[in-house]
Amino acid sequence: MILVTGGAGYIGSHVCALLLAMGREVVIADDLSNSGADAVERLEKITGRRPLFCRGDVRDTGFITGVARTYRPECTLHFAGLKAVGESVRRPLAYYDVNVGGTVTLLRALRRYGGRRFVFSSSATVYAPSEVMPLTEESPLGPYNPYGWTKFMAERALLDLVAAEADWRVALLRYFNPVGAHPSGLLGENPRGTPNNLMPRLCDAAAGVTPRLSVFGLDYPTRDGSGVRDYLHVTDLALGHIRAMELLETSAGAHIYNLGTGVGLSVLEMIAAFQAATGIAAPYEVCPRRPGDLAAYYSSPAKAEREMGWKAEKTPADMCGDAWAFYKKSFI
Ligand code: NAD
Ligand code: UD1
């Protein structure tokens, strides 16, 4: 049995789709604070198999211990968490509580009843701002917002646990910028409230929900002046979790991997890729830089390829086409 916390959410649901398609038994633990129970039906529609579902909060010792005791998962993929950087600045305690406290509570439950293989959703936000690119797993760490610190601390707790108890096997996966949706159009990102990230905002502008996309800064020291990021398709990212899970079947200890394409794409290049994929020229205007944004960051994913045989395959056109197909199906 594989336990997937946050499995009803954006990335977790894509991983569940792969696990179910592989014939694995899956139990999702999710409080649905940022997702809907229909994820279970959608997964069944896509794969023909239904995951088990337990609704509850990973911070709730009684709940999560009950899940571990009942299902005795041999491996846990931990997606449940809060992820909005801006909100983490306004509500730091909520972020530390869920992302650090929730992870510790879950680990305690697994320590008692579950297997000791654990795959953790970390983020490129753990790296210190730098002009040296690409970022490797050895690049200096130093988050610059509370969200990033919560990921840093949860990583640290996991590394300390592995050092203390040799039977734990842990993969820390540092995602760059996940975008796109399931090719079926049934799973995707469903941001609550006003989206902050580029792809949902690009879709809003393409749909006419907003008059135009604000391009935050055209005066960065990049190819065309707009910000550069390492966008990766969520199905590629999902596959990275399968590879990590497989690695833990044979490798002891802690393993850290960047999951990105290794290729930086600018905001203007993304707008062009969107047009090429969908035929829609999203209107945009150039605005001042967004406070806190970096000019460019992208990964070196070489270690993940070398050690796990994982490499992102999908193109920017796939990312835009699939994001738009999901958006049209869900919101128009
Ligand atoms: P998401 O919000 O779509 O999914 C998270 C899921 O966890 C949701 O279904 C939510 O209901 C659930 N959840 C939240 N708090 C919970 C709690 N206390 N108990 C139980 N369930 C809870 O987010 P996502 O984009 O799928 O992100 C998944 C993980 O990946 C998060 O840990 C996030 O920090 C990390 N991550 C995401 C990105 C990104 O850009 N999306 C980038 C880097 C890292
Ligand atoms: C943000 C988070 C990061 C998180 C990532 C993926 C911050 C500081 N960082 O990163 O922790 O892992 O999302 O969820 O919030 N842009 C526009 N117009 C828009 C929106 C974005 O021009 O309307 C630009 C940004 O300036 C940036 C690029 O698009 O250059 C990507 O932005 P975004 O999708 O928000 O991701 P990040 O800023 O990389």
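- Considering all non-hydrogen atoms of both residues, Tyr297 and Ala124 come closest at CE1-CB, 4.2 Å.
- Inspection of the Asn145 and Ser88 side chains reveals no N or O donor paired with an N or O acceptor under 3.5 Å.
- Between Pro134 and Ser139, the shortest heavy-atom distance links the atoms O-OG, 4.4 Å.
- The pair Glu138-Arg174 does not meet the salt-bridge criterion, since no charged nitrogen lies less than 4.0 angstrom from a carboxylate oxygen.
- Looking only at side-chain heavy atoms (C-beta outward), Arg212 and Arg201 stay at 4.5 Å or farther from each other.
- In this structure, Leu161 is a member of the same hydrophobic cluster as Ile256, with clusters built from ILVMFWY side-chain heavy atoms closer than 4.5 Å.
- With Phe216 as the aromatic partner, Arg289 does not meet the cation-pi criteria of under 6.0 angstrom to the ring centre and within 45 degrees of the ring axis.
- A distance of 10.0 Å separates CG in Leu107 from CD in Glu165, rounded to the nearest 0.5 Å.
- A donor-acceptor contact shorter than 3.5 Å links the side chain of Ser226 to the backbone of Val267.
- Interatomic distance, Leu259 CG to Ser121 OG, rounded to the nearest 0.5 Å: 9.5 Å.
- A pairwise comparison of heavy atoms in Tyr147 and Leu82 identifies CE1-O, 3.2 Å as the closest pair.
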Note to self: side chain to side chain contact (heavy atoms under 4.5 Å, CB included), that's the test. Do Phe53 and Leu32 meet it? Break it down for me.
What the structure shows: CA-CA 11 Å; Phe53 181 78; Leu32 302 182; 3.7 Å; yes
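- Checking side-chain atoms of Thr65 against main-chain N and O of Gly62 turns up no donor-acceptor pair under 3.5 Å.
- Put simply, OG1 on Thr235 and NE2 on His14 are 7.0 Å apart, with the number rounded to the nearest 0.5 Å.
- To the nearest 0.5 Å, atoms CD (Glu137) and NZ (Lys303) are separated by 5.0 Å.
- Using modelled atom types and a 3.5 Å distance limit, the side chains of Asn99 and Thr150 yield a donor-acceptor pair.
- In this structure, His241 has its ring center under 6.0 Å from that of Tyr175.
- Two residues are said to be in side-chain contact when any heavy atoms from C-beta on lie closer than 4.5 Å; Leu247 and His255 meet this criterion.
- Residues Asp30 and Gly9 approach most closely at OD2-N, 3.9 Å, considering heavy atoms.
- Two residues are said to be in side-chain contact when any heavy atoms from C-beta on lie closer than 4.5 Å; Leu43 and Pro51 meet this criterion.
- Residues Arg55 and Asp31 are not paired through a salt bridge, judged by the lack of any N-O separation under 4.0 Å between the basic side chain and the carboxylate.
- Of the possible donor and acceptor atoms, one in the side chain of Asp236 sits under 3.5 Å from a partner among the backbone N and O of Lys314.
- Residues Cys203 and Lys328 fail the side-chain proximity criterion, which asks for heavy atoms closer than 4.5 Å.
- In this structure a side-chain-to-backbone donor-acceptor pair under 3.5 Å is missing from Arg117 to Glu249.
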Next item on the list: Go through Leu173 and Phe120 one step at a time and tell me if the side chain to side chain contact (heavy atoms under 4.5 Å, CB included) criterion holds.
Entry: CA-CA 6 Å; Leu173 304 182; Phe120 179 64; over 6 Å; no
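- When all heavy atoms of Ser184 and Ile46 are compared, the closest pair comes out as OG-CD1, 3.5 Å.
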Note to self: What verdict does the side chain to side chain contact (heavy atoms under 4.5 Å, CB included) test give for Glu25 and Tyr71, after you've listed the backbone C-alpha separation in whole Å, the side-chain angles of each residue and the deciding distance to 0.1 Å?
What the structure shows: CA-CA 10 Å; Glu25 297 300 321; Tyr71 297 106; over 6 Å; no
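- With 3.5 Å as the limit, one finds no donor-acceptor pair spanning the side chains of Asp204 and Thr210.
- Within a 6.0 Å sphere centred on CD of Glu131, other residues, nucleotides and ligands contribute 12 heavy atoms or fewer.
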Notebook entry, point to check: Given Arg42 and Ser13, is the side chain to side chain contact (heavy atoms under 4.5 Å, CB included) satisfied, shown in steps?
Noted result: CA-CA 9 Å; Arg42 289 167 186 240; Ser13 63; over 6 Å; no
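- The pair Arg116-Glu74 does not meet the salt-bridge criterion, since no charged nitrogen lies less than 4.0 angstrom from a carboxylate oxygen.
- In summary, the side chains of Tyr95 and Glu87 do present a donor paired with an acceptor at a separation below 3.5 Å, with no hydrogens or angles considered.
- Cluster membership check: Tyr298 does not share its hydrophobic cluster with Met319, using side-chain heavy-atom separations under 4.5 Å among Ile, Leu, Val, Met, Phe, Trp and Tyr.
- Counting only distance, with no hydrogens or angles, the side chain of Arg49 and the backbone of Arg24 share a donor-acceptor pair below 3.5 Å.
- Note on Glu307 versus Arg243: no salt bridge recorded, every NZ/NE/NH1/NH2 to OD/OE distance being 4.0 Å or above.
- Contact check for Val234 versus Glu189: no side-chain heavy atoms found under the 4.5 Å cut-off.
- Counting non-hydrogen atoms of other residues, nucleotides and ligands closer than 6.0 Å to CZ of Arg50 gives a total above 12.
- Between Tyr10 and Ser35, the closest side-chain pair of non-hydrogen atoms is not below 4.5 Å.
- Salt-bridge annotation for Asp293 and Arg290: present, with a side-chain N of the basic residue lying under 4.0 Å from a carboxylate O of the acidic one.
- With Glu155 contributing its side chain and Phe152 its backbone, the two residues share no donor-acceptor pair below 3.5 Å.
- Residues meeting the side-chain contact (heavy atoms from CB on, under 4.5 Å) test with Val4, sequence neighbours left out: Ile2, Cys16, Leu19, Val26, Leu77, Phe79.
- Connection of Met270 to Leu268 is established within a shared hydrophobic cluster, with ILVMFWY side chains joined at heavy-atom distances below 4.5 Å, either directly or through further cluster members.
- Every residue two or more places apart in sequence or in another chain that forms a ring-ring contact (aromatic ring centres under 6.0 Å, His included) with Phe274 is listed here: Trp324.
- Under the 4.5 Å side-chain criterion, counting only non-hydrogen atoms from C-beta, Val119 is not in contact with Val15.
- The two residues Leu202 and Ala282 have their closest heavy-atom pair at CD1-CB, 3.7 Å.
- Checked by atom type and distance alone, the side chain of Asp230 never pairs as donor or acceptor with a backbone atom of Gly264 at under 3.5 Å.
- Side-chain N or O atoms of Asp318 include one that pairs as donor or acceptor with a backbone N or O of Thr315 at under 3.5 Å.
- When hydrophobic clusters are built by joining Ile, Leu, Val, Met, Phe, Trp and Tyr residues whose side-chain heavy atoms come closer than 4.5 Å, directly or via intermediates, Leu294 is not grouped with Val89.
- Residues Ile332 and Tyr327 form a side-chain contact, since some pair of their non-hydrogen atoms from C-beta on lies under 4.5 Å apart.
- Atom CG of Leu110 sits about 6.5 Å away from atom CZ of Phe118, to the nearest 0.5 Å.
- Judged purely by atom type and a 3.5 angstrom limit, Arg112 has no side-chain atom pairing as donor or acceptor with the backbone of Ala109.
- Of the N and O atoms on the side chains of His78 and Thr5, at least one donor lies less than 3.5 Å from an acceptor on the other residue.
- The line from CZ of Phe326 to CZ of Phe331 is 5.0 Å long, rounded to the nearest 0.5 Å.
- Counted by atom type alone, Asp322 and His233 present one or more donor-acceptor pairs between their side chains at under 3.5 Å.
- Summarising the local packing, OH of Tyr284 is surrounded by 12 or fewer heavy atoms from other residues, nucleotides or ligands at distances under 6.0 Å.
- Judged purely by distance below 3.5 Å, without hydrogens or angles, the side chains of Asn258 and Tyr127 pair a donor atom with an acceptor atom.
- When the side chains of ILVMFWY residues are joined at heavy-atom separations under 4.5 Å, either directly or via intervening members, Leu18 and Val27 end up in two distinct hydrophobic clusters.
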